[in-house]
Amino acid sequence: MRKKVIAGNWKMNMLPNEAIEFITELTPKVARTQNEVILCVPYTDLFYALLTAQDTNIKIGAQNMHWEEKGAFTGEVSGKMLKCINVEYVIIGHSERRQYFGETDEFVNKKIKSAFINGLKPIVCVGETLEQREKGITKEIITNQVEKALEGLTNEQVQNTIIAYEPIWAIGTGKTATSEDANNSIKDIRAKIAEIYGKDVAEEVIIQYGGSVKSSNAKELFEMSDIDGALVGGASLKVDEFAKIVNYDE
Ligand code: PGA
C-alpha cells in the first residue's frame, strides 16, 4: 500500500516569523495523521521551519536546487547546502520554474541525480499546458517529461522519487482536473514507469496530483486508485485548510 503524501508548496510566500507561526499552529492539527506531511518553503524560511518542525511529523523541503555541488553560480543553492541543514525534500521542475526560468528536462534530470547524490528526496513536477490538452497530446507530453526526468536513475532511485502530476492550466486557477482525468493521467505515468523500470518499481512510486487542490476536493481525488496525495499551492498557505487536506481521511 502506497502512503498518501501531502506536500505544501508555499512558492514565494511567508516570512520567517509567519513560517514559525504556521508550523507551530499546524503541529497539533496533523499530529495524529498517518499521511506524510511536507512543507516546501522559501530558502530564507528553511532554517526556521526546520527548527520549528523538529520533533514533529512535519517534514521540510526546498522548492529548487542547483545540480552542482558548489562554484560560480551566483544566486543558486546546491543540494549539498540543503542537506547540510537537514532539508529532506526538494521540488524539482515545477512548471513555474520551467515557464519563467527556462528550466528544461535536461536540467530537471541533472537536478534529480544531484538530489539523490546528496540524500534529498525529489518531488518532480510534470504537466501539460491547456493548448497541449486541447490538442489531445497530454499523455505523450507527460510520459515524455517523466521519461526524460528519470533517465539514467537506478530502479531504487526511481522508486524513491515522488512525481507530482500538475496540469499547468489547473495551477492557481481554481480549475481542477476531474478526479477521473487526474487518475487516468497518473495511470499513464505509472504505466510508462512500469515499461522502463518494471511493474514492481512502478507500483511503489508515489504520484501526487497538483492544481487547485483544496479541502473540498481532496477526499475525492485521494480516493482514486492511483492518486497518492497532492502538491498543494494556494491552499497550503492557510493552516486550517491545509490541515483539513492532510486529515481528509479522518
Ligand atoms: P495551486 O498550486 O494549488 O495553487 O494550484 C499547485 C502548485 O503549483 O504546486
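When a ligand or atom number is given, it counts from 1 through the structure's own listing order. As a basis for the values below, the full set of heavy atoms in this structure was taken, side chains included, without hydrogen atoms, waters or symmetry mates. The structure presented is a predicted model; accordingly, all values stated were derived computationally and were not measured.
For Glu151 (side chain) and Asn109 (main-chain N/O), no donor-acceptor pair under 3.5 Å exists by modelled atom type. Counting only distance, with no hydrogens or angles, the side chain of Asn9 and the backbone of Gly233 share no donor-acceptor pair below 3.5 Å. Remark: the backbone N or O of Val30 is paired with a side-chain donor or acceptor of Asn57 at under 3.5 angstrom. Checking side-chain atoms of Gln157 against main-chain N and O of Lys113 turns up no donor-acceptor pair under 3.5 Å.
Counting all heavy atoms, side chain and backbone alike, Asp228 lies closest to Val205 at OD2-O, 3.4 Å.
Side-chain polar atoms of Glu69 and Ser78 form no donor-acceptor pair below 3.5 angstrom. Judged by distance alone, the side chains of Asn64 and Lys111 do bring a donor and an acceptor atom under 3.5 Å apart.
For ligand 1, none of its N or O atoms has an N or O atom of Gly210 under 3.5 Å away. Residue-to-ligand polar distances place His94 within reach of ligand 1: an N/O pair is separated by less than 3.5 Å. Residue Gly172 has at least one N or O atom closer than 3.5 Å to an N or O atom of ligand 1. Taking any N or O of Glu166, backbone or side chain, at least one lies under 3.5 Å from an N or O belonging to ligand 1.
In summary, the atoms of ligand 1 found under 4.0 Å from a heavy atom of Ser212, numbered by their order in the structure, are 1 (P), 3 (O), 5 (O). For ligand 1, the atoms lying closer than 4.0 Å to a non-hydrogen atom of Asn9 are 9 (O). Near Gly211, the atoms of ligand 1 lying under 4.0 angstrom from a non-hydrogen atom of the residue are 5 (O).
Between Gly127, Gly234, Ala7, it is Gly234 that holds the heavy atom closest to atom 4 (O) of ligand 1.
The shortest contact between atom 3 (O) of ligand 1 and any protein heavy atom is with Gly233 N, 2.8 Å.
Arg2 and Glu203 are joined by a salt bridge, as a carboxylate oxygen and a charged side-chain nitrogen come within less than 4.0 angstrom of each other.
Counting heavy atoms closer than 4.0 Å to ligand 1, residue Ser95 contributes nothing at all. When non-hydrogen atoms are compared, ligand 1 lies under 4.0 Å from the backbone of Ile171 as well as from its side chain.
Under the 4.0 angstrom criterion for non-hydrogen atoms, Ala170 is in contact with ligand 1.
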